[in-house]
Amino acid sequence: MSRLQSRHWIFAGLFLVILIAMLLNLRLDIRISPYTQELYDYIENLPEGSVLMVSFDHEASSLPEIRPLALSVLRHVFKKGHRVIGVSLLSEGTVIGYRLTQKTAAEYGREYGTDYVYLGFRPQYIAAILAMGESIRETYPQDYRGVPYDQMPLLNEIDNYDDIAAVISIADGSLTTHWMEYGQARYGVKVASAVTAAMVTTYDPYLASGQMLAMIGGLRGAAEYELLIERDGGGARGMLAQSTAHIYVIIMVIIGNVIYFRSRRRGGSA
Amino acid sequence: MDIGTLVAGILTLAILSFLYRDNPFYRMAESLLIGVSIGYMLAITWTNTLMDLLFEPLFVDGAWLMIIPLLLGLMMLARFNRKTAGLSRIPIALMIGSGAGVAIPAMLYARTLKQVSATVVPLVDANGLPDFSGIVVIVGLLSTLAYFYFSREHKGALGKAATLGTWFLMIFFGTTFGYTVMSRMSTFIGRMEFLLVDFLKLAN
């Protein structure tokens with residue numbers, strides 16, 4: 001067995017910090033950011049029964065961060081009595097989106113075909129976004145379950161983006177950009193997003209320019225949204241663990257720098 | 001505990017074991033992940049793309065024009081034979097041509113024109129006082145552009161502006177890195193929550 005190295009101790013320390021924070025299960029007092037509030041207000045103030053398209057544009061690897069985001073937004077949408085059309089522009093997000101939509105719809109007693117439908121995956125995301133702008137019926141002749149488009153009461157009212165209040169892209173990459181470039185710019189559909197923290201700086205300029213309606217980002221965004229809808233979904237629970245983990249990382253960075261500068265002063269190789 | 005949670009828990013521990021060192025359990029879990037992902041994507045592509053959009057319209061509904069995308073798709077596969085490889089250039093040219101035609105105006109509008117127009121902001125607020133945010137946007141934009149202007153040596157005023165631009169860039173990179181660390185931590189916390197709550201039942 002090889003000897004334990006310093007990185008092993010750092011990992012073990014991080015593991016312990018997160019473990020203790022999660023077992024304590026304390027809730028941090030968090031402040032709602034303006035962007036999260038904007039998305040909440042938008043959904044809150046829509047007329048009851050409005051149709052929102054939720055696009056699951058993520059891979060399976062980002063599920064731990066995506067799940068609380070998607071749950072909180074979907075819960076709010078169903079709670080307010082709005083209707084959902086679920087799509088996916090990444091194949092890996094397809095079944096995840098389907099299950100999350102089904103789960104949250106069941107919590108509020110919503111019925112498939114009337115209150116929500118799941119259309120599933122279409123390849124070539126740019127072509128899919130543009131095609132839906134012309135006709136969602138022709139882009140998805142049938143839903144994810146294989147039910148023909150015309151047999152679902154919700155879809156009988158829907159032709160294209162003109163019949164949809166907004167698209168909410170749940171993403172871990174740059175796919176939301178394409179919703180803005182092709183959906184928003186060409187067809188005028190409003191675009192909001194729930195994205196992983198790593199993507200927040202990518203989408204900030206689009207919020208500032210008004211191209212994006214609102215955005216919630218990362219576990220923090222999910223925790224804020226859970227606070228607004230007064231429903232736990234895993235985001236708020238993780239906030240203490242995340243904050244303590246960040247403090248731990250900062251301490252490690254400081255210790256690393258102290259060791260580096262001390263060894264350099266002694267003339268050793270850093 | 002259901003079988004799905006048990007398998008997911010064991011595979012999560014197998015992946016995390018890499019933090020100690022490379023080992024057969026990690027490699028098995030890694031190979032399984034890649035295999036399952038590719039298998040899943042193939043199944044989705046077959047049912048949602050080839051069946052729904054090509055074979056059913058062509059062979060069931062009799063949409064004979066769909067023979068064109070079928071032929072173009074088959075031409076792509078011609079790359080595997082050296083003698084017929086040239087045929088694949090036709091669908092590739094079509095894809096690049098149509099892709100560029102669709103993408104260039106959209107990207108120019110959304111990523112350049114709209115973003116440039118968003119930087120045209122008033123430098124004073126309604127009360128006639130300096131608008132700090134507007135000033136930061138203008139100074140940040142111009143100094144960052146100065147950094148990427150390579151037609152003149154970065155000396156004098158241009159050099160100072162370029163140096164300021166590097167500061168803005170570093171702040172952006174630092175913020176992005178911070179958010180990325182936050183994102184990775186969230187992923188780890190998500191898996192820890194699964195292990196503690198669903199797998200080991202140590203927390204509620």
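Labels below follow one simple rule: chain letters A, B, ... track the order of the sequence lines, proteins then strands, and each chain is numbered from 1.
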Would you please go through residues 40-53 of chain B and name the residues with a non-hydrogen atom below 4.5 Å from one of chain A, in numerical order?
B:Tyr40, B:Met41, B:Ile44, B:Asn48, B:Thr49, B:Asp52, B:Leu53
Sort A:Phe11 into side chain, backbone, both or neither according to what part of it lies under 4.5 angstrom from a heavy atom of chain B.
side chain
Can a donor-acceptor pair be found between the side chains of A:Thr201 and B:Thr175 at a distance below 3.5 Å?
no
Measure A:Gln184 against the heavy atoms of chain B and call it side chain, backbone, both or neither at under 4.5 Å.
neither
A:Val95 versus chain B, heavy atoms under 4.5 Å apart: side chain, backbone, both or neither?
both
Please flag which part of A:Thr139 lies under 4.5 Å from any non-hydrogen atom of chain B: side chain, backbone, both or neither.
backbone
Within a strict 4.5 Å, meaning less than it, do heavy atoms of the A:Met199 and B:Tyr179 side chains meet?
no
Is it the case that the side chain of B:Glu193 and the backbone of A:Gly238 share a donor-acceptor pair, with hydrogens and angles ignored and the cut-off at 3.5 Å?
no
Within 6.0 angstrom of B:Phe80 CZ, more than 12 heavy atoms from elsewhere
no
For residues 96-119 of chain B, pull every pair meeting salt bridge (charged side-chain N to carboxylate O under 4.0 Å, His left out), keeping only residues two or more places apart or in separate chains.
A:Glu181-B:Arg111
Please check: side-chain N/O of A:Gln211 versus main-chain N/O of B:Ala110, any donor-acceptor pairing under 3.5 Å?
yes
A:Met252 atom CE: more than 12 heavy-atom contacts under 6.0 Å
yes
Identify the residues of residues 118-144 of chain B whose heavy atoms come closer than 4.5 Å to a heavy atom of chain A, ordered by number, or report 'none'.
B:Ala118
My understanding is that only residues two or more places apart in sequence, or in another chain, count here; which of them pass side-chain contact (heavy atoms from CB on, under 4.5 Å) with A:Leu130?
A:Ile126, A:Tyr182, A:Arg186, A:Tyr187, B:Val102
Checking heavy atoms, do the side chain of A:Tyr140, its backbone, both or neither come under 4.5 Å from chain B?
neither
Where does A:Ser61 contact chain B at under 4.5 Å (heavy atoms): side chain, backbone, both or neither?
backbone
